[in-house]
Number of protein chains: 2
Amino acid sequence: MTLADHATAATRSGRRADAERNRAAIIAAAGEVFAECGGGVDVREIARRSGVGMGTLYRHFPTKDELLATVLELQFNAWLTDAHQQAVATEDPWQALVGFFEQLLDNQADNRAVVESYATTGGPSESCVQRCYSLIDQVRTRCVDAGVLRTGVTTEDLFLLSGSLSQAVLTTADSHPGTWRRLLRISLDGLSSRNTEPLPEPDSAATDRALPRPAPSEMIAG
Amino acid sequence: MTLADHATAATRSGRRADAERNRAAIIAAAGEVFAECGGGVDVREIARRSGVGMGTLYRHFPTKDELLATVLELQFNAWLTDAHQQAVATEDPWQALVGFFEQLLDNQADNRAVVESYATTGGPSESCVQRCYSLIDQVRTRCVDAGVLRTGVTTEDLFLLSGSLSQAVLTTADSHPGTWRRLLRISLDGLSSRNTEPLPEPDSAATDRALPRPAPSEMIAG
DNA sequence: GAACAACAGGAGCAGGTGCTCCGCTTGATG
DNA sequence: CATCAAGCGGAGCACCTGCTCCTGTTGTTC
């Protein structure tokens with residue numbers, strides 16, 4: 001690496017080379033530690049594993065939450081991109097839906113922090129939630145058009161179901177690895193258009209309070 | 001109340017009357033607070049709400065965990081007894097299964113601590129887990145005998161499913177109250193004997209189908 | 001190589017929480 | 001009513017954890 005390269009690298013990010021290295025090390029270590037222990041882990045553990053002092057860590061990320069959000073967003077977006085590509089590449093609509101769930105749960109099976117954020121809020125940030133919602137809606141619409149999805153199943157149903165199964169993956173990972181595939185299969189069969197009985201109506205109170213989540217059509221346009 | 005009665009009451013429990021009152025107040029307050037806030041709540045809040053000092057609280061329960069365990073076991077056993085009676089009283093086997101899930105989720109919808117313990121370990125204590133397992137197995141066997149349950153569904157499947165749905169109830173309680181009924185319906189339809197395809201084996205293909213997830217360090221390229 | 005700004009590091013601070021200690025109070029007893 | 005052990009209350013201790021401060025160091029520039 002030439003001196004010019006060093007200079008360029010430093011200028012691009014506005015940071016010194018060692019700072020850049022440390023930032024990468026922190027993100028890498030935080031990714032591992034959060035995945036293993038969840039978001040509640042001690043920040044000192046991350047500093048230790050990245051070979052960096054507390055001061056350095058907090059220079060790069062002003063709060064623990066911001067570090068967690070950064071890491072989660074990286075991991076989540078990487079998954080979303082994969083999931084989107086896979087869904088597009090799968091011709092059969094129902095298989096696209098099945099593949100979405102399987103990839104989600106496979107991916108989350110060893111990442112506590114991601115499951116925590118996904119199962120409780122749908123993702124690390126509002127934009128991630130929207131992307132996820134939009135992806136699910138695309139897959140759902142294809143299934144509806146093909147007539148393979150149970151009548152009345154909403155994007156929100158699929159979203160909440162994926163969160164619920166995510167939790168199940170995590171809590172059964174140690175004692176019953178792989179059992180989540182059975183629960184997934186059961187749920188998927190319940191989602192098939194073979195089931196003709198209508199689903200119970202969601203609480204009217206819920207629809208009234210339905211907040212910031214834009215209608216699926218709006219998300220596709222954007 | 002005669003003096004003898006006082007003496008008897010004190011002797012029976014080995015405690016003074018005021019101590020007995022305080023113990024009851026602590027359990028009652030702890031039940032509410034744990035239900036509202038979960039097991040992570042500050043012990044001071046329980047002491048405050050029960051109108052008792054910290055010393056008194058810790059005189060009756062040597063640790064917070066023991067208090068939590070006591071309360072959870074009381075609540076859990078009360079639910080188990082109800083659930084058992086209801087199951088026995090329901091003649092139709094499938095309705096007994098449906099009723100079990102509905103009662104469980106209705107009951108847990110407003111109790112954070114119970115869900116936490118149920119979803120992660122199946123209950124506050126090993127004996128509770130066993131009672132719960134046993135109840136599920138009774139209902140399951142009736143459904144199997146009646147030919148209404150999908151072939152291959154195990155007691156463990158139903159147990160894990162109930163834990164998963166419990167989590168869903170809790171995480172959607174605020175934003176989407178009542179939506180869990182839709183997820184429950186979907187799951188129950190997937191459990192019906194209408195579904196003839198076999199479920200995946202418990203320990204099959206769990207590892208070889210796992211997709212490699214990019215390490216955080218690979219994701220920050222650029 | 002010299003000068004300097006950016007950076008590293010870890011001891012220490014602040015706030016929160018489980019739990020204890022000990023002087024004061026009260027119910028049971030004769 | 002007097003006695004006193006059982007019981008009570010809450011200030012305080014110990015530990016954990018997010019975060020900061022400040023001194024010494026290192027990368028970058030000329």
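Every chain is numbered from 1 and lettered A, B, ... according to where its sequence line falls, protein lines coming before strand lines.
In this structure, the side chain of A:Q86 does not engage the main chain of A:Q103 through any donor-acceptor pair within 3.5 Å. With A:T172 contributing its side chain and A:A168 its backbone, the two residues share a donor-acceptor pair below 3.5 Å. With hydrogens and angles disregarded, no donor-acceptor distance shorter than 3.5 Å links the side chain of B:S166 to the backbone of B:A119.
Applying the 4.0 Å criterion to OP1 and OP2 of D:dC19, one finds that A:Y58 has a side-chain N or O inside that range. One finds a side-chain N or O of A:T56 lying less than 4.0 angstrom from the OP1 or OP2 phosphate oxygen of C:dG9. Between A:N22 and the phosphate of C:dA8, there is a side-chain N or O to OP1/OP2 separation shorter than 4.0 Å.
Judged as a salt bridge (charged side-chain N to carboxylate O under 4.0 Å, His left out), and not counting sequence neighbours, the contacts of B:E36 are B:R49. Partners of B:V114 according to the side chain to side chain contact (heavy atoms under 4.5 Å, CB included) rule, which considers only residues two or more places apart in sequence or in another chain, are B:L72, B:Q75, B:F76, B:Q108, B:N111. Residues meeting the salt bridge (charged side-chain N to carboxylate O under 4.0 Å, His left out) test with B:R131, sequence neighbours left out: none. Partners of B:R182 according to the salt bridge (charged side-chain N to carboxylate O under 4.0 Å, His left out) rule, which considers only residues two or more places apart in sequence or in another chain, are A:D157. For A:I46, the side chain to side chain contact (heavy atoms under 4.5 Å, CB included) partners at least two apart in sequence or on another chain are A:A30, A:V33, A:F34, A:V41, A:L57, A:L67. Under the side chain to side chain contact (heavy atoms under 4.5 Å, CB included) criterion, A:L161 pairs with A:F101, A:L165, A:S187, A:L191, B:L183, sequence neighbours left out.
Rounded to whole Å, the distance from CD1 on B:I26 to C1' on C:dC19 is 14 Å. Atom pair B:L57:CG and D:dG9:C1' shows a separation of 12 Å (rounding to whole Å applied). Rounded to an integer number of Å, the gap from A:R23 CZ to C:dC7 C1' is 14 Å.
Remark: A:R21 does not engage A:D18 in a salt bridge, criterion side-chain N to carboxylate O under 4.0 Å. Look at B:R48 and B:E45 and you find a salt bridge, because one of the NZ, NE, NH1 or NH2 atoms lies within 4.0 Å of a carboxylate O, short of that distance.
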What does nucleotides 21-26 of chain C look like as a protein-contact string, B for base, S for sugar-phosphate only, - for none, at under 4.0 angstrom between heavy atoms? B----B
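Contact check of residues 60-74 of chain B against DNA chain C (heavy atom, cut-off under 4.0 Å) returns B:T63, B:K64. A heavy atom closer than 4.0 Å to some atom of DNA chain D occurs in no member of residues 28-40 of chain B. Scanning residues 44-52 of chain A for heavy-atom distances under 4.0 Å to DNA chain C yields A:R44, A:V52.
Contact between A:A83 and A:L135 at its shortest, heavy atoms only, is CB-CD2, 3.7 Å.
For residues 116-130 of chain B, every residue pair satisfying the side chain to side chain donor-acceptor pair (under 3.5 Å) rule, not counting sequence neighbours, is listed here: B:E73-B:S125, B:Y118-B:S162, B:S125-B:S127.
For A:R21, taking side-chain heavy atoms from C-beta onward, the closest of the listed nucleotides D:dG27, C:dG27, D:dT17 is D:dG27.
When the local axes at the two ends of the helix from C:dG1-D:dC30 to C:dG30-D:dC1 are compared, using 5 base pairs at each end, they differ in direction by 10° after rounding to 10°.
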